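Below is one structure, written out as structure tokens; the observations come after it.
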Amino acid sequence: MKTVSVIGLGNRGTEYMGFLKSFHSKKVSLHSLCDIRQQALDDIAPKFGIPKERQYLSTKEFFAKGVISDALIISTQDASHYEITKDALNTGYHFILLEKPVSGTKEEYLELRDLAEEKKATLIICHVLRYSNYYSKIKEIIQSGQIGD
């Protein structure tokens with residue numbers, strides 16, 4: 001069974017966790033969680049059976065353990081994506097799902113792309129909200145002509 005760690009326990013991080021638990025629990029298990037909010041860890045970890053020793057309040061503490069799972073999901077605040085992803089790649093993670101945006105600059109994006117290639121890592125950028133229900137509803141309303149052209 002493959003293991004996944006999650007950094008960032010906001011809506012997106014917990015959605016990914018729920019999806020893995022509901023649809024892929026025979027192939028994947030959640031290994032560890034990292035969030036800067038103790039309350040988030042206290043609220044979410046028990047729901048997914050993550051013990052205290054696999055909960056981290058900082059990425060520094062998390063990455064200090066080395067590679068502790070087969071894959072990593074990074075779903076933190078946008079401004080932190082570049083540094084956390086760079087740390088993940090340099091730690092040795094080879095399978096990373098990163099919420100968009102990759103970074104705020106083209107240079108940082110290119111640096112992460114090159115680093116992922118150098119480390120032979122798979123870095124997947126996720127754009128899941130593009131397919132969420134509220135975007136579908138907005139499209140439906142626009143196409144109906146209800147608010148004009």
Side-chain angles (χ1 to χ4, degrees), residues 1-50 54-63 69-91 93-149:
M1 180 173 293
K2 300 292 184 182
T3 57
V4 177
S5 294
V6 178
I7 300 177
L9 302 179
N11 288 336
R12 292 178 193 158
T14 54
E15 284 292 323
Y16 290 129
M17 293 167 62
F19 179 79
L20 291 173
K21 184 177 179 182
S22 295
F23 298 105
H24 298 287
S25 62
K26 291 184 180 174
K27 295 186 254 179
V28 175
S29 67
L30 292 164
H31 182 272
S32 52
L33 305 177
C34 179
D35 197 284
I36 59 172
R37 300 165 299 142
Q38 183 65 56
Q39 191 63 52
L41 289 167
D42 292 345
D43 292 345
I44 295 164
K47 294 176 185 174
F48 292 91
I50 309 297
R54 293 194 323 236
Q55 298 174 32
Y56 303 91
L57 274 169
S58 74
T59 55
K60 182 178 179 178
E61 179 187 9
F62 177 84
F63 290 124
S69 60
D70 298 305
L72 181 62
I73 295 172
I74 301 172
S75 54
T76 57
Q77 293 293 314
D78 295 355
S80 67
H81 288 179
Y82 166 75
E83 287 296 333
I84 293 172
T85 305
K86 187 175 175 181
D87 288 345
L89 289 165
N90 284 323
T91 298
Y93 281 91
H94 285 109
F95 299 99
I96 302 168
L97 178 102
L98 172 63
E99 257 305 318
K100 64 151 181 63
V102 173
S103 82
T105 71
K106 180 180 178 182
E107 293 75 24
E108 288 177 350
Y109 161 77
L110 293 173
E111 182 183 343
L112 290 178
R113 180 201 65 188
D114 293 346
L115 184 59
E117 286 178 6
E118 174 190 321
K119 303 284 186 177
K120 298 185 180 0
T122 300
L123 177 59
I124 299 169
I125 312 308
C126 196
H127 297 270
V128 294
L129 288 181
R130 177 174 299 180
Y131 304 102
S132 3
N133 292 338
Y134 55 87
Y135 282 119
S136 298
K137 186 63 176 176
I138 290 169
K139 183 177 179 184
E140 177 187 319
I141 291 168
I142 290 170
Q143 288 180 329
S144 77
Q146 184 177 353
I147 57 175
D149 293 335

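Not measured: the values here are computed from a predicted model.
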Verdict with supporting geometry, N90 and L115, side chain to side chain contact (heavy atoms under 4.5 Å, CB included): CA-CA 8 Å; N90 284 323; L115 184 59; 3.8 Å; yes
Please check if the side chain of [X] supplies one atom and the backbone of [Y] the other of a donor-acceptor pair under 3.5 Å.
X	Y	result
T76	G8	no
T14	N11	yes
D35	A40	no
H81	L98	no
H94	K119	yes

Can you tell me how far apart [atom1] ([X]) and [atom2] ([Y]) are? Round to the nearest 0.5 Å.
X	Y	atom1	atom2	value
Y82	T105	OH	OG1	7.5 Å
R113	L123	CZ	CG	11.5 Å
L30	I44	CG	CD1	11.5 Å
C34	I50	SG	CD1	12.5 Å
Q39	D43	CD	CG	4.5 Å
L33	L57	CG	CG	11.0 Å

Where is the tightest heavy-atom contact between [X] and [Y], given as atom of each residue plus distance?
X	Y	result
K100	D78	O-OD1, 3.7 Å
G13	S75	CA-OG, 3.1 Å
R54	G49	NH2-O, 4.4 Å
G10	R37	N-NH2, 3.8 Å
V102	Y109	CG1-CD1, 3.9 Å
I96	A88	CD1-CB, 3.8 Å

Any donor-acceptor N or O pair under 3.5 Å, side chains T3, S69: no
Polar side chain donor-acceptor pair, D42 to Q38, under 3.5 angstrom: yes
I'd like to check [X] versus [Y] (side-chain heavy atoms, cut-off strictly below 4.5 Å). Are they in contact?
X	Y	value
F95	K2	no
T91	L72	no
L112	K86	yes

Enclosure of Q77 CD (heavy-atom neighbours >12, cutoff 6.0 Å): no
Heavy atoms from other residues, nucleotides or ligands near CG of L97 exceed 12 (cutoff 6.0 Å): yes
E15/R12 salt bridge by N-O under 4.0 Å criterion: no
Evaluation steps, side chain to side chain contact (heavy atoms under 4.5 Å, CB included), between L9 and M17: CA-CA 9 Å; L9 302 179; M17 293 167 62; 3.8 Å; yes
Aromatic ring pairing Y56/F62, orientation class (parallel under 30°, perpendicular over 60°, tilted between): perpendicular
Candidate pair F63 and I7, rule side chain to side chain contact (heavy atoms under 4.5 Å, CB included), full reasoning: CA-CA 11 Å; F63 290 124; I7 300 177; 3.8 Å; yes
